[in-house]
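Here the structure is a predicted model, which means the values were calculated and not measured.
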Amino acid sequence: MIHGEQPEVAVYYSPGKILYRLLLCVVMIMVSLFLAFNDSVQRLGAEFWGWIGIIFFGGAGLVVGVSLFYMLIRRIPYIKIFDDRMEYYVPMRMKYKTVYFRDVEGFRLINMSSKARLITIDYKPDIIGEEYEAEETSGLKKWLFSINYEYTGAIEAIQADVYKIDGEEICDILNERVQVFNDACGNNCVERD
């Protein structure tokens with residue numbers, strides 16, 4: 001392990017960007033309410049899609065909004081970058097997932113749409129197999145891995161556009177740390193815990 005070479009980098013959510021997304025969620029809930037409860041809308045399935053929108057945007061928006069508000073109030077960083085690893089916060093579990101640089105080839109910034117960007121975690125091929133075949137990996141998680149891999153080329157990705165630091169800068173910091181770790185370790189850091 002490399003100690004003390006570079007300071008820890010903590011990446012926090014941007015309150016303005018989160019508020020913008022929550023406002024969009026509120027607008028979608030209002031549209032869904034209109035579809036579900038307005039008798040003048042005569043389109044087939046409008047009421048059904050209205051209820052789907054209420055459940056999705058209302059339920060998911062409430063859960064995400066509360067968890068993000070909790071993280072903002074408690075000053076919990078979403079991403080922590082160290083010399084030998086990166087940790088990102090999983091709100092549903094209320095703990096960090098660790099990604100060791102010895103298991104990673106690199107990180108990429110990809111555009112999913114004009115406004116949505118992701119930072120992919122490009123694991124080494126043998127690590128992808130281990131993650132996929134692990135006993136604790138459920139069928140749902142395997143399905144999500146395969147969908148994510150199909151669209152991004154990586155089994156895991158994190159959002160890039162909701163932080164105080166730009167996604168491109170985060171990706172550059174991560175790749176720099178991976179390079180420094182690999183240069184310092186050579187073949188001595190291939191064993192896993």
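By the 4.5 Å heavy-atom criterion applied to side chains, Glu87 and Tyr100 are not counted as neighbours. Using a 4.5 Å cut-off on side-chain heavy atoms (C-beta onward), Arg177 and Ile81 make contact. Residues Tyr12 and Tyr78 form no side-chain contact, since every pair of their non-hydrogen atoms from C-beta on lies 4.5 Å or further apart.
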Report, one line per pair, each donor and acceptor closer than 3.5 Å where one atom sits in a side chain of residues 166-173; sequence neighbours left out.
residue: Asp166; atom: OD1; partner: Arg117; partner atom: NH2; Å: 3.1
residue: Asp166; atom: OD2; partner: Glu168; partner atom: N; Å: 3.2

Under 3.5 Å, which donor-acceptor pairs do the side chains of residues 24-37 form with other protein atoms, sequence neighbours left out?
residue: Ser32; atom: OG; partner: Met28; partner atom: O; Å: 2.9

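Between Met86 and the choices Val178, Val11, Leu174, Ile119, the side-chain contact (heavy atoms from CB on, under 4.5 Å) rule is met once, by Leu174.
Both the sub-6.0 Å distance and the 45° axial angle are not jointly satisfied by Lys164 relative to the ring of Tyr13. Cation-pi geometry between Arg85 and Phe101 is not met at under 6.0 angstrom from the ring centre and within 45 degrees of the axis.
If you check the side chains of Asp183 and Gln179, you find a donor sitting under 3.5 Å from an acceptor.
A continuous path of ILVMFWY side-chain contacts below 4.5 Å connects Ile79 to Ile76, so both sit in one hydrophobic cluster. Linking ILVMFWY residues whenever their side-chain heavy atoms come closer than 4.5 Å, directly or via other members, leaves Ile55 and Phe48 in distinct clusters.
Judged by distance alone, the side chain of Lys80 and the main-chain N or O of Tyr89 form no donor-acceptor pair under 3.5 Å.
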